[in-house]
Structures are given as structure tokens and as C-alpha cells.
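Shown next, in C-alpha cells, is the structure this report addresses.
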Amino acid sequence: MLLLQVAVVVLLTVGAVAWMVLMFRRDATDDAAGHSLGVAESFAQAPGMVAALRSDDPEAVLQPRVDAVEKSSDVDFVSVYDEGGVRQTRPAPGVTTETLTPSSLASLLAGQTVQGHHSGPRGDVVRTAVPIRDSGGTVVGAVSVGVLERNAGAQVAQQLPALLGTAAAAVVATTAGTTLVSRRMMRRTRGLSTTEIMRLYEHHDAVLHAAREGVVIADDRRRLLLVNDEAQRLLDLPAEFQGRPVRELPLAAPIAELLCTGRKASDEVHLVGSRVLSVNQRSLDRYGVPSGTVMTLRDSTELQELSGRAEAAAARLGVLYEASVAIGTTLSVTRTAEELAEVAVPRFADHVTVDLAESVLRGNEPPAGVPRLRRVAATPVGPGSGVAPAGEAIAVQPAGPQAAGLASRQAVLTSDVRGTPGPWAQSTADARRMLDHGFHSLITAPLSTGGSVLGVADFWRSEDSRPFDADDLALVSELAAHTAICIDNARRYTREHAVAETLQRSLLPHSLPDQSLVDVAHRYLPARGGVGGDWFDVIPLPGARVALVVGDVVGHGLHAAATMGRLRTAVHNFSALDLPPEELLGHLDELASRIDGAQGTEGDGDGNGFTGATCLYAVYDATSGVCALARSGHPEPALVRPDGTVEYLKVPVSPPLGLGGGMPFETAEVTLPEGSRLVLYTDGLVEDRVRGIDAGLETLRKALARRDRSSEETCQDVLDALLPARPNDDVALLVARTRLLDPSRVAEWDVPEDPAVVAGIRADVTRRLDAWNLDDTLAFNTELVISELVTNAIRYATGPIRLRVLTYHDSLVCEVADGSSTSPHLRRAATTDEGGRGLFLVAQFAQRWGTRYTARGKVIWTEQSLRRPSPDAQEATADELLDQWDDTAW
């Protein structure tokens with residue numbers, strides 16, 4: 001088609017060019033004839049022409065004039081003849097040699113002008129001859145002027161390039177236009193053949209007139225482009241709708257809104273007049289650009305009643321689905337009841353109340369008979385409605401639907417409560433107010449599971465709502481069954497949470513021990529989801545030392561709390577042995593592994609077995625300021641120096657307790673300046689679901705970077721900066737502000753390995769006790785203790801031997817260090833034994849005693865209280881103590 005159109009255009013252009021060339025040549029010839037006529041008449045009428053012809057030598061007179069005219073008039077030749085037809089001028093060389101023919105001469109003599117063509121040496125000539133008249137009008141001669149036809153063609157040649165260029169441009173423009181039109185047609189028709197286009201036309205005609213589904217097409221400016229007969233009938237459109245804006249047409253509001261907005265619609269049902277139409281609408285996309293919309297309409301009037309029933313069923317299914325998702329999202333009994341009310345109102349009921357047994361609210365089992373109910377949820381109603389608010393005790397009326405439902409364990413439908421105004425309310429006055437408020441239909445559903453009644457839920461409809469029916473009763477039964485299961489789960493969790501919280505709080509320290517080595521503040525906050533296994537401890541150790549402990553058992557609930565108690569007790573026991581931090585964590589790891597193994601073999605199947613714990617154990621020595629720390633999977637402690645600078649101590653980390661597989665632990669030692677704050681914490685403080693641990697540690701650093709803050713102030717600063725409103729994990733925080741023991745309260749002696757020096761050592765100690773203003777009784781007991789310990793070290797141990805006596809708070813501590821790793825043991829000595837009674841005396845006169853191993857030996861220590869004994873206390877002498885041993889008892 002395109003080639004045919006191009007060929008036609010080229011043919012028409014060639015014909016037009018040929019015709020124009022011929023016309024140009026004709027016009028040029030006519031112009032040449034006219035020009036030659038004008039020049040001939042002008043020359044023939046020039047003054048002196050008659051006199052020149054009648055002169056003796058006409059050629060001499062006329063030839064100069066002829067030459068001048070030929071040059072100035074743009075003609076090829078000028079010839080002058082007398083009345084006899086004789087040439088009186090010379091012919092132009094190579095132009096013409098013609099003479100006047102008799103017929104031409106006769107016409108000239110008759111006063112006529114003669115024009116014609118003839119061939120000459122230089123080509124065809126256009127010639128015009130006019131007569132020359134004297135004053136009397138007599139023809140005395142003739143003037144012939146000629147123009148070569150090629151000169152006329154030269155004018156055509158001058159116009160030919162422009163003509164051809166114009167023709168070529170016309171051909172190109174026409175071809176381009178034809179090409180664009182063809183391409184646009186191809187694009188419009190999607191490259192379809194004529195047969196396919198005809199088939200599409202037939203389909204289009206069928207859609208317009210034969211289809212029984214309405215079709216409406218609007219462009220992007222919301223003007224109607226196409227409306228078939230069925231759509232015109234369904235929408236009652238006028239005949240002149242083509243191209244009119246949607247807003248100008250008498251369309252129903254929902255249909256006009258759809259067409260004006262162009263939004264997507266799928267099987268929407270709209271009432272148009274008396275018809276129910278199912279409407280679909282989609283956008284028309286052309287090359288990715290929205291260009292309009294197409295709407296289809298189907299008359300669904302006959303399906304209106306069936307559709308209403310289906311919608312009601314779908315609504316009930318929607319309520320059940322939403323209930324399955326929205327009820328039971330928390331493990332709170334009260335919140336679960338509130339969720340039931342929120343799901344049912346306003347989609348299903350106008351007002352809902354939920355009453356639960358008081359024992360259920362406390363997490364206990366519901367009673368066997370009719371329970372004592374308390375309202376825990378009630379949707380808002382206006383004042384004076386007669387509906388008891390949440391929090392009030394509810395009495396079950398014996399003849400009311402609540403009592404019937406509790407007895408039968410089935411939901412009870414009261415379609416019209418106006419017929420029985422009383423048993424369904426707390427009082428007759430409340431019933432009257434409820435009726436005045438518009439309540440008219442009630443379904444009462446007991447919340448029961450496993451044969452136990454947890455409570456009851458009342459569903460009300462009021463004012464313009466239709467009464468409840470049997471289908472609604474089935475829906476309420478399903479809602480009540482699902483809610484009862486969720487409330488029972490929440491009740492069980494409430495009980496377990498209460499037991500776990502009670503257990504955990506009983507296992508955590510109620511108060512910290514009385515000591516003066518560090519100023520301690522602490523915080524513990526349970527997680528939102530339940531108690532966990534975080535704990536902390538402050539344990540005084542002999543020798544002006546104190547142990548600081550923070551730990552975290554993985555998980556929550558009873559198992560975590562119980563495991564925490566076992567580990568905390570173990571830490572107390574191991575610290576009583578005065579073990580170094582790395583050895584204590586080693587024993588604790590072994591214990592955790594045994595706990596894990598024991599729980600694994602029990603196989604209770606609840607998935608709450610021991611899954612690991614973390615612990616940080618630090619021992620601070622107030623005499624030297626040295627703190628020894630070891631940790632097992634626990635976050636690094638923070639140290640706040642007196643100037644406010646904060647650093648995280650690089651304590652070697654080991655796997656969590658119970659997961660290390662016997663790996664050794666390492667201890668780090670750091671010297672703490674007096675007034676430093678050592679901050680121990682669990683990971684719940686610095687890490688949660690929305691904040692990474694790095695960000696939490698940086699926030700903690702900023703919260704701690706303040707000078708001159710007490711331990712209590714530091715705890716509060718940290719919680720204000722890091723603790724969320726409802727933490728997801730337990731938080732344990734322990735802040736210890738360090739103190740150094742006054743050097744004047746410490747005395748040390750190097751003891752030679754000679755028993756003779758014992759007396760001098762006793763005297764030195766006595767003098768030092770006098771300087772400390774300690775009483776004589778304490779000095780006597782101390783002399784006895786030191787004498788026994790030093791003598792035993794000289795006799796049984798190896799050097800070097802060193803004695804240290806220090807007093808702090810309300811204690812006096814005596815320590816004897818030697819190079820032996822052999823520890824003495826307390827035993828009963830027989831009457832005949834010469835020895836064996838010294839350690840017994842030490843144990844009787846000292847409040848506590850023990851052995852602490854060091855890297856170079858051991859230290860045997862005793863601790864005596866500086867507090868005065870009560871007046872009723874009887875002092876025992878050494879002889880009385882020795883008399884307590886009876887050899888006959890062996």
C-alpha cells in the first residue's frame with residue numbers, strides 16, 4: 001500500500017513538472033512574440049524612419065539605429081524593408097537570412113502586423129513584422145524584429161532548478177507524510193490485515209448492539225467515547241452522549257463517581273434506579289500511559305436477595321476471622337476480654353459486656369458452681385443507660401438468661417427483651433433505663449472450657465439494628481468458644497507468672513549485706529513478657545574484700561527463675577571457699593553442665609530446659625584497690641573514673657555457663673582509683689529489638705560520663721537513658737563506688753622461721769591494737785589466735801611467712817601467709833594428745849576463719865567482730881573450752 005501511494009505521488013509529480021515546463025515554454029514564446037511586437041512598433045514609429053527610407057542611402061541612416069536597438073532591446077535581430085520588400089539593413093550574422101514572402105508583404109502593405117516562426121542558422125526564430133507609415137498613413141516600409149526561441153527557453157531553464165527542487169521536496173514531503181500515516185495506521189490497527197480489521201469491526205458491532213453486558217469507555221478527560229446499547233439501557237443515557245463529559249450526563253452517583261475518579265473496581269454492587277448493577281472498572285493503558293477507563297455493567301437485580309444473604313454470611317465469617325486474629329494477642333485475661341468486645345462492636349453488636357469469675361482474674365481455677373462475677377470489659381454507652389461499668393461485681397439473676405446459659409453451657413438468644421424486662425439486668429430500674437436507651441435484643445454466651453465456666457459475655461443490639469437471629473446465635477457461640485480458650489490460656493499464664501515472680505523475688509537479695517568497702521546501688525526490673533533469670537549479688541569476703549556478681553539465665557518463667565536461684569546459691573557457696581574468679585566460674589560452669597544434663601534426662605518435653613547462663617564475677621580488694629574480674633559470656637563491665645571518663649574493661653570472655661565444654665576461664669586485674677564507679681549490668685539494659693548492642697553501649701557510656709555522682713544517682717541516670725517503658729528482657733544493674741582502706745588501719749610483719757619470735761610478734765600486735773583503741777578482751781583473743789597461727793606456720797609450713805592485721809567496719813582480720821599449699825583441718829584431740837587443740841581454740845575465739853590459696857601458697861585468716869557482746873552472753877575461758885572434749889566419747 002505504501003509503495004503504491006509513493007508511485008502515484010511520483011507519477012503525479014512528474015506529470016505536473018512536464019506540464020509546467022510546457023506552460024513555461026509557451027509563456028516564454030508568447031512573451032517573446034509580445035516583446036518583438038513592442039520593439040517593432042516602437043522602431044517603426046520612431047521619428048525619422050520615413051525620411052531615412054526615402055533618403056539616398058537608407059542603410060547608412062538606419063543601420064546605426066538597428067544596431068542600437070538590438071543591443072538595448074534584448075532582441076536577436078531588427079530588419080527594415082521598403083514598400084517593395086527589399087531589405088534596407090544588413091542582416092544579423094548567423095541569425096536570419098529570410099526575406100518577406102509575397103503574402104507577408106501584401107499583409108504589411110495592407111497595414112497588418114505579421115507574426116510567425118521560421119528556422120534560421122542559429123535555430124528557430126519568433127518574428128514580428130509591422131508596417132511603417134508616413135504622415136498620410138501610406139505604408140512606405142516594414143520593420144521585422146526577431147527573437148531566437150532558445151533565448152526564450154533560457155528563461156525556462158532558469159526556472160527549471162527551482163521547479164525540480166520544489167517537485168522533489170513535494171515528493172519527499174508527500175512520501176514522508178504517507179509513511180507516517182501508514183505507520184500510524186499500522187499502529188492503530190496493530191498490524192492487522194484487512195480481514196482481521198473487518199472481523200474486529202464485526203466484533204465491535206456485536207459488542208455495541210448484541211452483547212447483554214453494558215460497556216462504557218471514557219477517555220482520560222472523563223468524556224464518554226463509547227457506550228453500547230445495553231449500557232445505555234441500564235444507565236438510562238440520552239442518545240447524544242458521544243464525547244460529552246461524565247459530569248454533564250444524568251448518571252447515578254456511584255457510577256458517576258467511578259467514571260470521574262477512574263479508580264479500579266471489581267464486582268462492586270450499586271443500586272441504579274430500581275436495578276442492582278454489578279460494576280467492574282479497569283484503566284486502559286497505552287504504552288504505559290493511562291488513557292482512560294473501561295467499565296462493564298451487569299444487571300444483578302435478580303440476585304439481590306441471594307447477594308444479601310451471602311453478604312451477611314461473609315460478614316459473619318469476617319467477624320470470626322478477625323476474632324481469630326485479634327482475640328488472644330496477649331496473655332492478659334482483662335485484655336483478652338476487651339478484645340472480644342472490640343471485635344464484636346460495631347460489626348456484629350451495638351454493645352458488649354464481659355464478666356469473669358474473680359478467681360479467674362487471679363489466675364486460679366474457676367469454681368464448680370455459679371461463680372462470683374466481676375465485669376472486666378464493657379463498650380462505651382451513653383450516661384444513664386443502666387449498664388454496669390467495668391470493675392463492678394455482677395450478680396447473676398436466677399431467672400435470667402445468664403443463669404440459663406451458665407447452667408446449660410450454651411448461648412441463649414432473647415430476640416426481644418422488652419417482653420421480659422428484668423431478669424437480664426441487675427435491677428428492674430436498670431432494665432427500665434436500658435429499654436429507654438434503646439436496647440432490644442440480647443445473646444448471652446457462657447465462656448466455658450474443659451467443663452469449667454470462666455465467665456459470661458452479653459451481646460446487645462439497640463435502636464435501629466435488627467434483632468438477633470439463629471445465625472447470629474451460632475456466630476456468638478463460636479466467638480465465645482474461641483475467647484474462652486484464650487482467656488483460659490491467659491489465666492494459666494497469669495498463675496505461672498505470679499508463681500515465677502514470687503519465686504524469683506524470693507531468690508533475689510532483699511537487702512544487700514552491711515559492708516563499708518564499696519558504696520553499692522542496684523536495680524532489678526522484670527521483663528514485660530514475664531520474669532526471667534537475671535540476678536545480682538554483693539558478697540563480703542575476708543581481708544577487706546568484696547565480691548560483686550551479676551548473672552543472666554537464658555529464657556523466662558519458672559525454669560529460668562529456679563535455675564537462677566541454684567546458680568546464685570552456688571556462687572555464695574563457692575565464694576565462701578574464697579576461690580579466685582576464674583576457679584569460681586569453672587566450678588559454676590561444671591554445675592551448669594550438670595543442671596543441663598539433669599533437665600535433659602528428665603524429658604518433660606515442655607521445651608523449657610536450661611539453655612545457658614552468663615555471669616560476671618569481680619573481687620575488689622579495698623587495701624590495694626585491685627579488682628580481679630572474670631566473665632562467662634557476659635557483657636563487659638563499665639568503669640567510670642573519678643574525673644568522669646568511661647571505659648569498658650577488657651575482661652577475657654569465655655562461653656556462657658553450661659556451654660563451654662570445660663574451657664578454662666581467665667581473670668583480668670585492674671587497679672581502681674578511690675571514688676571510681678564499677679557498673680555491672682545484664683544485656684537487657686543495652687540491647688532490645690529496635691536497638692543494637694553497640695548503640696546501647698554508646699548510650700550507656702554517655703549516661704555514665706558525669707562526675708561526682710553517687711551510686712544511686714548513677715543507677716537512676718542509666719535507667720532514664722536506656723530503659724524503655726516496657727522492656728522485653730529482664731534488667732539487672734549494679735553500681736559499686738570504690739573506697740580504699742586507710743593504710744593506718746593495716747599492719748604487716750615478716751615472720752622469721754624461728755619459734756622464739758612468736759612472743760615478740762604478739763607484743764607488736766598488742767601495741768597496734770592499743771593504737772587502734774581496741775579493748776583488752778579482743779587483744780587477748782587476738783594474741784591467742786596469732787600465737788597459734790604463727791606457731792603452726794613456723795612448725796609445719798614453708799617460708800616466707802607474713803602476718804597482716806587489719807581492721808575495717810566492725811571487724812578485725814588476722815592473716816598469716818606462707819609458702820605451703822597444705823591446709824590445716826579442724827579435728828578433735830584426745831586427752832593424751834600433745835597437740836591438735838590450737839585450731840579448735842582459733843575457731844572458738846574467732847567469728848570466722850578459713851584458708852585462701854594464692855599463687856605462692858596460702859593464707860589462713862580469722863575474723864573477729866568489734867561489736868561488744870550482749871550482757872547476757874557468757875564468756876568461755878580456754879580451760880572451759882578444753883573441758884568440752886571428752887575422750888570417752890570416742
Side-chain angles (χ1 to χ4, degrees), residues 319-320 322-367 370-381 385-397 400-414 417 423-426 430 434 439 441-450 452-462 468 472-473 475-494:
V319 172
L320 288 177
E322 186 174 346
S324 66
V325 175
I327 298 177
T329 59
T330 67
L331 291 174
S332 169
V333 172
T334 302
R335 180 57 191 155
T336 303
E338 292 173 349
E339 289 171 346
L340 170 62
E342 292 171 359
V343 168
V345 177
R347 294 188 58 183
F348 173 73
D350 296 323
H351 179 63
V352 173
T353 61
V354 181
D355 309 323
L356 297 179
E358 294 182 348
S359 59
V360 172
L361 296 176
R362 296 190 296 269
N364 299 326
E365 292 288 339
V370 177
R372 297 177 57 185
L373 300 178
R374 184 167 298 275
R375 182 147 296 171
V376 295
T379 55
V381 289
S385 62
V387 179
E392 287 196 6
I394 302 299
V396 178
Q397 301 297 327
Q402 290 87 354
L406 292 174
S408 64
R409 305 291 196 270
Q410 299 292 329
V412 177
L413 170 63
T414 307
V417 297
W424 38 266
Q426 295 296 293
D430 289 340
M434 293 179 69
F439 292 99
S441 187
L442 166 68
I443 294 180
T444 296
L447 304 175
S448 61
T449 177
S452 300
V453 177
L454 307 175
V456 63
D458 291 339
F459 298 80
W460 293 90
R461 282 184 179 172
S462 61
F468 288 116
D472 298 324
L473 183 65
L475 173 61
V476 168
S477 300
E478 294 291 339
L479 285 176
H482 176 73
T483 304
I485 293 174
C486 295
I487 290 178
D488 191 53
N489 291 337
R491 178 193 64 81
R492 295 174 186 274
Y493 171 78
T494 299

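Numbering starts at 1 and runs along the sequence shown.
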Gap between atom OG1 of T444 and atom CG of D458 - 0.5 Å precision: 4.0 Å

Nearest-0.5 Å distance, OG of residue S452 to CG of residue L447: 12.5 Å

Partner set under side chain to side chain donor-acceptor pair (under 3.5 Å) for T379, not counting sequence neighbours: H351

Approximate separation, where rounding is to 0.5 Å, of T336 OG1 and I485 CD1: 12.5 Å

Inter-residue atom distance L340.CG - I327.CD1, 0.5 Å rounding: 4.5 Å

Which residues share a salt bridge (charged side-chain N to carboxylate O under 4.0 Å, His left out) with D350, sequence neighbours left out: none

Side chain to side chain, D472 and R461, heavy atoms closer than 4.5 Å: yes

Cut-off 3.5 Å, no hydrogens considered: what does the side-chain donor-acceptor table look like for residues 403-410, sequence neighbours left out?
from: S408; atom 1: OG; to: A404; atom 2: O; distance (Å): 2.9
from: S408; atom 1: OG; to: Q410; atom 2: N; distance (Å): 3.3
from: R409; atom 1: NH1; to: L406; atom 2: O; distance (Å): 2.5
from: R409; atom 1: NH2; to: G451; atom 2: O; distance (Å): 3.4

Distance, nearest 0.5 Å, that separates CZ of F459 from CG of L479: 5.5 Å

Spacing of I394 atom CD1 and L373 atom CG [to the nearest 0.5 Å]: 7.5 Å

Over all atoms of both residues, closest heavy-atom pair of L442 and P401: CD2-CG, 3.8 Å

Please tabulate, for side-chain N and O atoms in residues 353-361, each donor-acceptor pair with protein atoms closer than 3.5 Å (sequence neighbours left out).
from: D355; atom 1: OD1; to: R375; atom 2: NE; distance (Å): 2.7
from: D355; atom 1: OD1; to: R375; atom 2: NH2; distance (Å): 3.4
from: D355; atom 1: OD2; to: R375; atom 2: NH2; distance (Å): 3.1
from: E358; atom 1: OE2; to: R374; atom 2: NE; distance (Å): 3.3
from: E358; atom 1: OE2; to: R374; atom 2: NH2; distance (Å): 2.9
from: S359; atom 1: OG; to: E365; atom 2: O; distance (Å): 3.3

Qualifying residues under salt bridge (charged side-chain N to carboxylate O under 4.0 Å, His left out), relative to E322, sequence neighbours excluded: R347

Check: W460 and V381 side chains under 4.5 Å, non-hydrogen atoms: no

Test side chain to side chain contact (heavy atoms under 4.5 Å, CB included) applied to D488 - qualifying residues, sequence neighbours left out: T449, L454, R491, R492

Counterpart residues, side chain to side chain donor-acceptor pair (under 3.5 Å), relative to T329 (two or more places apart): E339

By side chain to side chain donor-acceptor pair (under 3.5 Å) - contacts of R335 (at least two apart): E338, E342

Set of side chain to side chain donor-acceptor pair (under 3.5 Å) partners for N489, sequence neighbours left out: none

Counterpart residues, side chain to side chain contact (heavy atoms under 4.5 Å, CB included), relative to E478 (two or more places apart): L320

Partners meeting ring-ring contact (aromatic ring centres under 6.0 Å, His included) with F468 (sequence neighbours left out): F348

